[in-house]
Amino acid sequence: MNIRFEAELKNAVAAALQQLFNQSVRPESVVFQETKREFEGDVTLVVFPYAKPAGMAPEGCGNMLGEALLREKHLIARFNVVKGFLNLVIAPEFWWRYYRHLAHDIRTLFDPATNPFLSPPQKLMVEYSSPNTNKPLHLGHIRNNLLGYSVAAVLKAAGNDVVKVNLVNDRGIHICKSMLAWKKFGHGETPASTGLKGDHLVGKYYVIYDKKFKEQVEALVQDGVGKEEAEKQAPLTLEIQDMLRAWEAGDPETLALWKTMNGWVYDGFAVTYKNLGVDFDKMYYESETYLLGKKLVDEGLEKGVFFRKEDGSVWVDLTDVGLDQKVVLRADGTSVYITQDLGTAQLRFDEFAALSRLVYVVGNEQDYHFKVLKEIFRKMGRPWADGIYHLSYGMVDLPSGKMKSREGTVVDADDLIHEIVEEAEMATKALGKIDDFDNEEARQLYHDLGLGALKYFILKVDPKKRMLFNPAESIDLNGNTGPFIQYTYARIRSVLRKGATLQLNASEETMDYTMSAAERSLVKLLYTYPQVIADAANALSPSLVAAHVYDLAKAFNHFYHDHVIVDDQSPAISAFRLKLAGMVAETLKEGTRLLGINVPERM
RNA sequence: GGUCCCGUAGCUCAACUGGAUAGAGCAUCUGCCUUCUAAGCAGACGGUUUCGCGUUCGAGUCGCGACGGGAUCACCA
């Protein structure tokens, strides 16, 4: 007998439709929805689509279907019809059977092999983070990193083989700006000499470059030079171009400086990544990949996908698919951004055989770019072109609007992490529940809680949507938040510790007992978990996991409020409730793990 | 201007391929800690889903239009 009812119930509906109304529908096409809270039932069948061809009123149709399904005695206990909605009450024995199944080993709930909703496993790559090495990470990067990490975790939980990669933008004119400014105005400063985090030190010189450059332009404009011309003539413009040329020519002194300063940045990033809890299986550096792609340009020319203009530049014409003409190689033969991306995509599909999907976690400001990238590969006849997927997430706005570095409204990643952890510390100390923790334990807890709050806050929002972050109000620790879920976990662990003193054993679980509504709803939420994982993997949306984990925590607290779990007067019921609570805890832990959130034993 | 995305309670967000009386949290107000963690629970208040027309048995969801917001249209990355 199947441990899940979906397939059986769908078959039963299809059979009943055939028998009652001579309608043939495929069982897979039958869909149930969760019954609304105000009606009795577990699942609901919308009968409108079947009533019409049957030439019946929806109510009558619903009643006839209900009667027919009632014959599945072991599955359906009773039903009711409201308008065109057939609400089915799943038999209590079913929930008991499912509970026992999970109680035997809760890990099966998280095992892709036993999840019937998943599509076949694939080899996937997720690219995320992809920072520039000229300034520290900010709030926008935080959303990117948290999303990329979580999406990869969800895809893995859905049974896929996932490679996490990071493509570091470590070269180019913008990198040279920090280098040049440091060289000219840095007086040999280092992270060690200043106590500054490496990425912040380099970012400081990026800002200095910009400032000095503007001063030079302004001076020229005062002398009557036009603005555009002034920008071209500015001494820094000439110097920076020299530096880029020197870098590309392999000038030892320039390369040495580049390595040193990038090293500082990587040390800084490593700290931020560690704090965020994100990691990568493979790093790509643009300094190593920026020359790739030129071969593809040649190939495209041969195939007639690209064409060369008189000045020597190479273009692709995408007007037939509603896009424009785009440059893929400059007149001087050097690469543009998309040339590199063509190269790295090809490289990855070459390196990882059987890679069926390459997911780019990149902001929606690059929607157009990725349309072009994908379309070029289509035109070049790459069979994997459709596997290129741009996970386009919305920008993070501040109450004042978009973050603007020039206006100093950028929310720095390290600052934000520091503040939220500090806030978690204050809230925890105010409650005074962990006074016996040593320093290290306490520090770890504050970190987990602060990051739990931050991660949940960001990941609960649908990736596609832009979101608003208000630094002044910061992040709540109550209500629909990470710490709420962490709290629920810690609360369960606490009950389990108490329960352990009772020395119950599982055989005392009873079947005579009728589950309360709250208990049944917990079992049902566990039952739904595999479906949620499948949905989240399909949609590449951790927010679905976040929502479910929240529902589960909420339902547990409701249950907790009006049930006594550990009661030495009724060992059988205690055993059942402890087991159930334990399963909820494990599911909270697993779900939050997919969001990159740690749950504490105590808080 | 062309193309694309978005508009849901005062605020931040939900609502699976169109389904029932659009749900949570925050904020405001009420109750509940000498019993397993009150970062909790229960309740109240709060909506013409920006507006209009259309398709449908049924529209926050689909189509058209208006209004409002954003992104993008570089031999930048």
Side-chain angles (χ1 to χ4, degrees), chain A residues 29 31 33-39 44 46-49 51-52 58 82-85 87 132 169 172-174 286 309 311-315 322-324 326-332 334-338 340-341 363-369 371 392 394-395 397 399 401-402 424 427-428 430-431 433 449 453 457 460-462 464-470 473 476-488 490-499 531-532 535 538-539 543-544 546-547 550-551 553-554 556-567 574 577-578 581 602-603:
Chain A
S29 73
V31 290
Q33 52 181 316
E34 213 176 315
T35 303
K36 292 245 174 197
R37 252 197 305 276
E38 52 265 49
F39 304 104
T44 295
V46 182
V47 301
F48 291 104
K52 202 176 185 189
V82 181
K83 294 198 265 185
F85 300 88
N87 301 318
N132 293 342
N169 188 321
I173 199 100
H174 53 297
E286 281 197 7
K309 286 196 175 172
D311 63 3
S313 58
V314 179
W315 294 69
L323 303 172
D324 301 316
K326 297 289 292 183
V327 184
V328 293
L329 201 67
R330 291 194 189 100
D332 63 6
T334 57
S335 299
V336 290
Y337 182 52
I338 198 148
Q340 303 178 38
D341 262 7
N364 62 12
E365 55 200 352
Q366 294 197 40
D367 285 356
Y368 187 78
H369 172 77
K371 277 186 194 168
S392 164
M395 298 289 99
D397 284 325
K402 203 181 173 177
T428 305
L431 291 173
K433 295 181 187 175
L449 292 178
F457 182 86
K460 75 172 176 176
V461 181
D462 183 339
K464 289 193 283 293
K465 297 196 177 172
R466 61 187 309 149
M467 61 178 294
L468 193 123
F469 180 84
N470 190 337
E473 294 175 9
D476 282 328
L477 305 175
N478 300 315
N480 186 0
T481 67
F484 170 81
I485 295 157
Q486 292 169 312
Y487 169 76
T488 307
R491 197 181 214 188
I492 295 173
R493 297 299 297 169
S494 170
V495 177
L496 293 181
R497 281 190 294 273
K498 184 181 174 188
Q531 174 86 65
V532 171
D535 290 347
N538 281 335
S543 65
L544 299 177
Y550 172 69
D551 287 343
K554 179 104 181 132
F556 179 83
N557 284 317
H558 176 77
F559 157 78
Y560 177 90
H561 182 261
D562 41 35
H563 293 68
V564 176
I565 297 172
V566 180
D567 177 6
S574 290
R577 289 177 180 166
L578 279 167
R602 288 179 51 197
M603 65 183 271

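Proteins come first, then strands; the chains are lettered A, B, ... in the order of their sequence lines, and each starts at number 1. A quick note: this is a predicted structure, and the numbers were derived from the prediction, not measured.
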Worksheet item: When you look at CD of A:Gln33, are more than 12 heavy atoms from neighbouring residues, nucleotides or ligands closer to it than 6.0 Å?
Response: yes

Worksheet entry | Audit row: A:Thr428, A:Met603, side chain to side chain contact (heavy atoms under 4.5 Å, CB included) steps and yes/no | CA-CA 7 Å; A:Thr428 305; A:Met603 65 183 271; 5.9 Å; no

Practice prompt. Mark yes or no for whether A:Arg577, through its side chain, and A:Asp567, through its backbone, hold a donor-acceptor pair below 3.5 Å.
Written response: no

Worksheet item: Just by distance, with hydrogens left out, do A:Asn557 and A:Tyr487 show a side-chain donor and acceptor under 3.5 Å apart?
Response: no

Item to complete: Flag the pair A:Asp341 / A:His369 as yes when at least one side-chain heavy-atom distance between them is below 4.5 Å, and no otherwise.
Response: yes

Item to complete: For A:Lys371 and B:C73, give me the distance from atom NZ to atom P, rounded to whole Å.
Response: 12 Å

Item to complete: Answer with base, sugar-phosphate or nothing: what part of the nucleic acid does A:Val566 contact at a heavy-atom distance below 4.0 Å?
Response: base

Item to complete: Take the angle between the ring planes of A:Phe85 and A:Phe48 and call it parallel below 30°, perpendicular above 60°, tilted in between.
Response: perpendicular

Worksheet entry | Integer-rounded Å distance: B:U72 C1' and A:Lys402 NZ | 10 Å

Worksheet item: Within the pair A:Lys460 and B:C13, is there a side-chain N or O less than 4.0 Å away from OP1 or OP2?
Response: no

Practice prompt. Provide, to the nearest angstrom, the distance between the CZ atom belonging to A:Arg466 and the P atom belonging to B:G7.
Written response: 11 Å

Discussion item. Does A:Lys464 reach a base, just sugar-phosphate, or nothing at all? Heavy atoms under 4.0 Å.
Written reply: nothing

Worksheet entry | N or O in side chain of A:Lys498 less than 4.0 angstrom from B:U37 OP1/OP2 | no

Fill in: Whole-angstrom distance between B:G65 and B:G1, as gauged at atom P
15 Å

Worksheet item: Would a distance-only check, ignoring hydrogens and angles, find a side-chain to backbone donor-acceptor pair under 3.5 Å from A:Thr488 to A:Phe484?
Response: yes

Item to complete: List the steps, then state whether side chain to side chain contact (heavy atoms under 4.5 Å, CB included) holds for A:Lys460 with A:Tyr550.
Response: CA-CA 10 Å; A:Lys460 75 172 176 176; A:Tyr550 172 69; over 6 Å; no

Item to complete: Answer yes or no: does atom CD of A:Glu34 have more than 12 heavy-atom neighbours from other residues, nucleotides or ligands under 6.0 Å?
Response: no

Item to complete: Please figure out whether A:Leu496 or A:Gly322 has its closest RNA chain B nucleotide nearer the 5' end.
Response: A:Gly322

Fill in: All stems with RNA chain B, defined as three or more consecutive Watson-Crick or G-U pairs under 3.5 Å
B:1-7 with B:67-73, B:10-13 with B:23-26, B:28-32 with B:40-44, B:50-54 with B:62-66

Worksheet item: Rounding to a whole Å, what distance do you find between A:Glu34:CD and B:G19:C1'?
Response: 15 Å

Discussion item. What's the gap between B:A44 and B:U3 when it is taken at their P atoms, as a whole Å value?
Written reply: 49 Å

Worksheet, complete the sentence: Closest of B:A38, B:C4, B:C73 to the A:Asp324 side chain is B:C73

Worksheet item: What interatomic distance, in whole Å, is found between P of B:C36 and the corresponding atom of B:G31?
Response: 24 Å

Discussion item. Which is more 5' along RNA chain B, the nucleotide nearest A:Pro483 or the one nearest A:Thr35? Just name the residue.
Written reply: A:Thr35

Discussion item. Output the rounded distance in Å from CD1 (A:Ile565) to P (B:U35).
Written reply: 15 Å

Fill in: Integer angstrom distance from the C1' of B:C5 to that of B:C11
23 Å

Item to complete: Consider the side chain of A:Asp462, meaning its heavy atoms from C-beta on, and name the nucleotide among B:A14, B:C36, B:A39 that approaches it most closely.
Response: B:A14

Could you write out each protein N or O paired with an N or O of nucleotides 21-30 of chain B at a distance under 3.5 Å?
| from | atom 1 | to | atom 2 | distance (Å) |
| --- | --- | --- | --- | --- |
| B:U21 | OP1 | A:Lys83 | NZ | 2.9 |
| B:G23 | O3' | A:Arg37 | NH2 | 3.2 |
| B:A24 | OP1 | A:Arg37 | NH2 | 3.0 |
| B:A24 | O2' | A:Tyr550 | OH | 2.9 |
| B:G25 | OP1 | A:Lys554 | NZ | 3.1 |
| B:G25 | O2' | A:Asn480 | N | 3.2 |

Worksheet entry | Pairwise P distance, B:G43 and B:C62 [rounded to whole Å] | 33 Å

Worksheet item: Would A:Arg493 and A:Arg497 satisfy side chain to side chain contact (heavy atoms under 4.5 Å, CB included), going step by step from the backbone distance to the final call?
Response: CA-CA 6 Å; A:Arg493 297 299 297 169; A:Arg497 281 190 294 273; 3.9 Å; yes

Discussion item. Does a side-chain N or O of A:His558 approach OP1 or OP2 of B:A42 to a distance below 4.0 Å, or not?
Written reply: yes

Worksheet item: Within the distance-only criterion (no hydrogens, no angle test), does the side chain of A:Ser574 pair as donor or acceptor with the backbone N or O of A:Ile565 below 3.5 angstrom?
Response: yes

Discussion item. Would the base of B:A39 count as contacting A:Thr428 through its side chain, where contact means a donor and an acceptor less than 3.5 Å apart?
Written reply: yes

Practice prompt. Write down the distance between OH (A:Tyr368) and P (B:C73), rounded to a whole number of angstrom.
Written response: 8 Å

Item to complete: Please measure how far the C1' atom in B:G25 lies from the corresponding atom in B:C67, and state the result in whole Å.
Response: 30 Å

Item to complete: Mind checking A:Val46 for me? I need base, sugar-phosphate or nothing, with any heavy atom below 4.0 Å counting as a touch.
Response: base

Fill in: side chain to side chain contact (heavy atoms under 4.5 Å, CB included) between A:Lys371 and A:Leu323, intermediate numbers included
CA-CA 8 Å; A:Lys371 277 186 194 168; A:Leu323 303 172; 4.2 Å; yes

Could you go through nucleotides 59-61 of chain B and list every protein N or O atom that sits under 3.5 Å from one of its N or O atoms, giving the distance for each pair?
none

Discussion item. What contact category does A:Asn87 fall into here, base, sugar-phosphate, or nothing, at under 4.0 angstrom with non-hydrogen atoms?
Written reply: base

Worksheet item: On a whole-Å scale, what distance lies between the P atoms belonging to B:C13 and B:G58?
Response: 34 Å

Response to the item:
Among B:C36, B:A39, B:G7, the one nearest any side-chain atom of A:Val564 is B:C36

Worksheet entry | Pair A:Thr481, A:Asp476: side-chain N/O donor-acceptor within cut-off below 3.5 Å | no

Discussion item. Taking the minimum atom-to-atom distance to the side chain of A:Phe484, which one of B:A39, B:G19, B:G40 wins?
Written reply: B:G40

Discussion item. What contact category does A:Pro399 fall into here, base, sugar-phosphate, or nothing, at under 4.0 angstrom with non-hydrogen atoms?
Written reply: nothing

Discussion item. So A:Ala331, base contact, sugar-phosphate only, or nothing? Heavy-atom distance under 4.0 Å.
Written reply: base

Worksheet item: With sugar-phosphate meaning primed atoms plus P, OP1 and OP2, does A:Asp535 contact a base, only sugar-phosphate, or nothing at under 4.0 Å between heavy atoms?
Response: nothing

Worksheet item: With sugar-phosphate meaning primed atoms plus P, OP1 and OP2, does A:Glu286 contact a base, only sugar-phosphate, or nothing at under 4.0 Å between heavy atoms?
Response: sugar-phosphate

Practice prompt. Determine the contact category for A:Arg493: base if any of its heavy atoms lies under 4.0 Å from a base atom, sugar-phosphate if only primed atoms, P, OP1 or OP2 are that close, otherwise nothing.
Written response: nothing

Discussion item. When you compare the side chain of A:Lys433 with that of A:Arg602, does any pair of heavy atoms fall below 4.5 Å?
Written reply: no

Discussion item. Heavy atoms only, 4.0 Å cut-off, all strands: where does A:Thr334 land among base, sugar-phosphate and nothing?
Written reply: nothing

Item to complete: Could you tell me the separation between the CG atom of A:Leu431 and the P atom of B:C33, rounded to a whole number of Å?
Response: 18 Å

Fill in: Whole-Å P distance, B:G7 and B:U49
14 Å

Discussion item. Using whole Å, what does the distance between atom C1' of nucleotide B:C13 and atom CE of A:Met467 come to?
Written reply: 9 Å

Item to complete: Look only at the side chain of A:Thr334 and the backbone of A:Arg330, and say whether a donor-acceptor pair between them is shorter than 3.5 Å.
Response: no

